Amino acid sequence: MAVARPLSPAAAIVLAWAGLALVNAGCIAARGLPNAGLRVRALTHLFDAGQLLFLGLVCALAVSAWQRFAPPRRLAPLALGLVAIVLAVAFLAADLDNFALRLVGSERAAIVSVLLAVALAQAVALAYLVGRRMARPRIRWLAVTTAVIAAIVNTRILPLDYPGVHAFLAWAAATLAAAALAGAPTPWRLQAASRRVAVAVLAILSVTTIAVDPGNAVRVELTRLDSALLAAHVPPWRAEVDNSQYGHIPIPDELAPWFAWSADAPPVAATEPPLLPPDAIVLFFTLDSMRSEVLQNPANRELLPTLHRWRDAGFYVPRAISPSTVTRFTLASLFTGLEVPQLRWARDSATQGSLVKEERPRVADLLTARGVTTVHVISQFELVNHVNKIGRGFSEEIEVPIRPGDRLAYAPAVMDAILTRLQQHGDGPLFLFTHFMDAHHPFDSGDRRGRVYARHVSELANIDRELARLDAWLGEAGLWSRTLVVVSADHGQAFGLHGVQHHGGPPYEEQCRVPLIAVSPAVPARASPCDLPLLDLSPTFLDLFGVEAPGWFVGRSLVPALRGEPPVCGRPVLSTTWDVFALLLPDGLKILDNRRKRTLEVYDLHADPRETQNLCDDDPAGCDARVGLLRRYLELHAALPAPR
């Protein structure tokens, strides 16, 4: 009969991390990995489990060494806390940098992020103390259950970001379970030789998953999992990108003109004859998070009648390409006419997206200088000029007050401000911009019933009703004859595709594709025969008022297309977020280079519009050549990674 033997602290630690591996395996299986075949699925499970076991073995080795030298047991929490502080400063401070910037500004952000990391590191020591207090026969399983719940929650919060935070939460959960299990009676007893063999097998497996690169396909899947704790930190996978190796990649002749960007190019003259009268009114609206599918889905016509009516009456680009999946990046790009990574970003504001160092003029600067009244009706504090200089140059800024109990300035209040300002405007040209925030997550300002997508569309319907008010007022005031309304979005919105529930992530189609509408009596009804970049709006706004566009602008004026001529098709278009770059080619290929996670993806959008079959998996050489084309585009456009 087997004699019960207490579980050693080292064994308890390995068992706790193995439990984390089981939790992760369940989460990976539940997620489904829709883009992966059997081989990739198996390797994803293997590498994730092996890396967690590696962490468990490292912790067990440290505990065994501690016990061998036999310091006083009461010093264990102190030692654990000190180790946690060192690791927190190394891995957590970067995650907390954004929060610290918002909290105290740039001058003290570094100190505050370190202090926050030190404070959060104590969660590991606290978990140890709580676990030891619960290391009793009747309650230790409560600690284990709590640890399992914490591990599951860790896979659901802060999606696709904050890898250091996720790692520390997992460490705290494992520490809680291990501390409670240490000393628990076990009915098994391995001989010394068997223990050594088992430890050797686990060690070889775990070290292999650290030292060996599983390949791009597995890296892509692992880095989409917040529970894959080491995927963002494994040294062999994190080698710096060497752009010099791509200098030999040839640029196809048909694309060569679009790679030849120059900061010293001459200005581009305005189109003749002008599309609008000298006293033109141009109203530019961006709707937060409205992806292109919203206006392509027939089910939404009844909810969004104004947008659909304008879509059918004006120039419509069904699937325009946004410069970024982050609001301030997109608007900064549109107001400067440059790609997001071409801009001179500073990290000295509460929004960590400041253009205070960007001296090149904004669209509003150029219009104001030519006598156009430029008005920015502001619904979000980040867009105020003094915060980050993105909206610099407007002759007027109207901050819409937030009503008591509201999170932000919603569409009715914003439209009230717009109509009031239009009523005050007399003769002369006017350019007015506003960004409607209503449809931003958490989708609680419209219909709160039903699925998240339905709630999102109901918020867009709130904006649509306000656009109907504007439509009616322009008709009653007799101003439609001199007015052009442009409606688009800052970015799209994901609802579970590619493991993302919101936006701001890699520029997959659901996040980088938005609708674009331009409606006016001067614009004939037609749809664009090709996808176009939103960056075309920058020279378009200048052109509408007879102002020449700087030669460095990346986009091309849409005024000829608004008049009825063919738009400029056949261009490569860049979309970015943080340090992830996507280049969309005219032949339907889309190249994604995730500099942060060192993953590469290429999709054929004609054959695979949902981006499920990564061509890099079956054609590494072809993938390398295409990624080289993207990197040459960045190089020739003097583009650097966006701020992080």
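Everything quoted here is computed from the prediction, not taken from an experiment.
- Counting heavy atoms from C-beta on, the side chains of T325 and Y508 never come closer than 4.5 Å.
- Within the 3.5 Å criterion, the main-chain N or O of V118 finds a donor-acceptor partner in the side chain of Q122.
- The two atoms that bring S289 and D490 nearest to each other are N-OD1, 3.0 Å, heavy atoms only.
- How far CD of Q613 is from CG of D608: 5.5 Å, rounded to the nearest 0.5 Å.
- Closest heavy-atom contact between A170 and L20: O-CD1, 3.5 Å.
- E510 contributes no side-chain N or O that, together with a main-chain N or O of G492, makes up a donor-acceptor pair within less than 3.5 Å.
- For the atom pair OG1 (T145) and CZ (R140), the distance works out to 13.0 Å, reported to the nearest 0.5 Å.
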Intermediate values then yes/no, side-chain contact (heavy atoms from CB on, under 4.5 Å), N300 and N297: CA-CA 6 Å; N300 294 330; N297 187 343; 3.5 Å; yes
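- Proximity of R610 to E509: side-chain heavy atoms (C-beta onward) are nowhere separated by under 4.5 Å.
- Remark: the backbone N or O of L600 is paired with a side-chain donor or acceptor of N216 at under 3.5 angstrom.
- By the 4.5 Å heavy-atom criterion applied to side chains, N614 and Y603 are counted as neighbours.
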T286 vs L331, side-chain contact (heavy atoms from CB on, under 4.5 Å): CA-CA, chis, key distance, verdict: CA-CA 9 Å; T286 49; L331 296 181; 4.1 Å; yes
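- Between D48 and the options T209, L43, L222, a side-chain contact (heavy atoms from CB on, under 4.5 Å) holds for only L222.
- Annotation: side-chain contact (heavy atoms from CB on, under 4.5 Å) contacts of A332 (sequence neighbours excluded): L343, W345, L355, I390.
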Check against side-chain contact (heavy atoms from CB on, under 4.5 Å), F581 and V340: CA-CA 10 Å; F581 305 93; V340 174; over 6 Å; no
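- Counting only distance, with no hydrogens or angles, the side chain of R291 and the backbone of R513 share no donor-acceptor pair below 3.5 Å.
- Of all heavy-atom pairs between A21 and L52, the closest is CA-CD1, 3.5 Å.
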Stepwise side-chain hydrogen bond (donor to acceptor under 3.5 Å, both in side chains) test for E293 and Y453: CA-CA 11 Å; E293 173 272 340; Y453 176 80; 2.9 Å; yes
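- Scanning for disulfide bond (SG atoms under 2.5 Å apart) contacts around C59 gives an empty result, with sequence neighbours left out.
- Side chains of V124 and F168 form a contact here, defined as non-hydrogen atoms less than 4.5 Å apart.
- A distance of 12.0 Å separates CD1 in I13 from CG in L55, rounded to the nearest 0.5 Å.
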Candidate pair L126 and V130, rule side-chain contact (heavy atoms from CB on, under 4.5 Å), full reasoning: CA-CA 6 Å; L126 180 62; V130 171; 4.3 Å; yes
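- When every heavy atom of R219 is checked against every heavy atom of P214, the shortest pair comes out as CG-CG, 4.2 Å.
- Remark: the backbone N or O of A411 is paired with a side-chain donor or acceptor of D438 at under 3.5 angstrom.
- Of the N and O atoms on the side chains of T576 and S324, not one donor lies less than 3.5 Å from an acceptor on the other residue.
- In this structure, W17 CH2 and W171 CH2 are separated by 8.0 Å, a value rounded to the nearest 0.5 Å.
- Looking at N154, its side chain does come within 3.5 Å of a backbone N or O of H166 through a donor-acceptor pair.
- Nearest heavy atoms, S379 versus M437: OG-CG, 3.8 Å.
- Contact of the V23 side chain with the V148 side chain is registered, since non-hydrogen atoms from C-beta on lie closer than 4.5 Å.
- Considering only residues two or more places apart in sequence or on other chains, S8 meets the side-chain contact (heavy atoms from CB on, under 4.5 Å) condition with A10, A11.
- Separation of atoms CD1 (I111) and CG (L116) is listed at 12.0 Å; rounding is to 0.5 Å.
- Side-chain contact between V602 and K590: absent, with no pair of heavy atoms (C-beta onward) separated by less than 4.5 Å.
- Side-chain atoms of T327 and H491, non-hydrogen and from C-beta on, do get closer than 4.5 Å to each other.
- Closest approach of Q51 and I210 over heavy atoms only: CG-CD1, 3.8 Å.
- In this structure, OG1 in T146 is found 4.5 Å from CG in L142, a value given to the nearest 0.5 Å.
- Between L460 and L303, the closest side-chain pair of non-hydrogen atoms is not below 4.5 Å.
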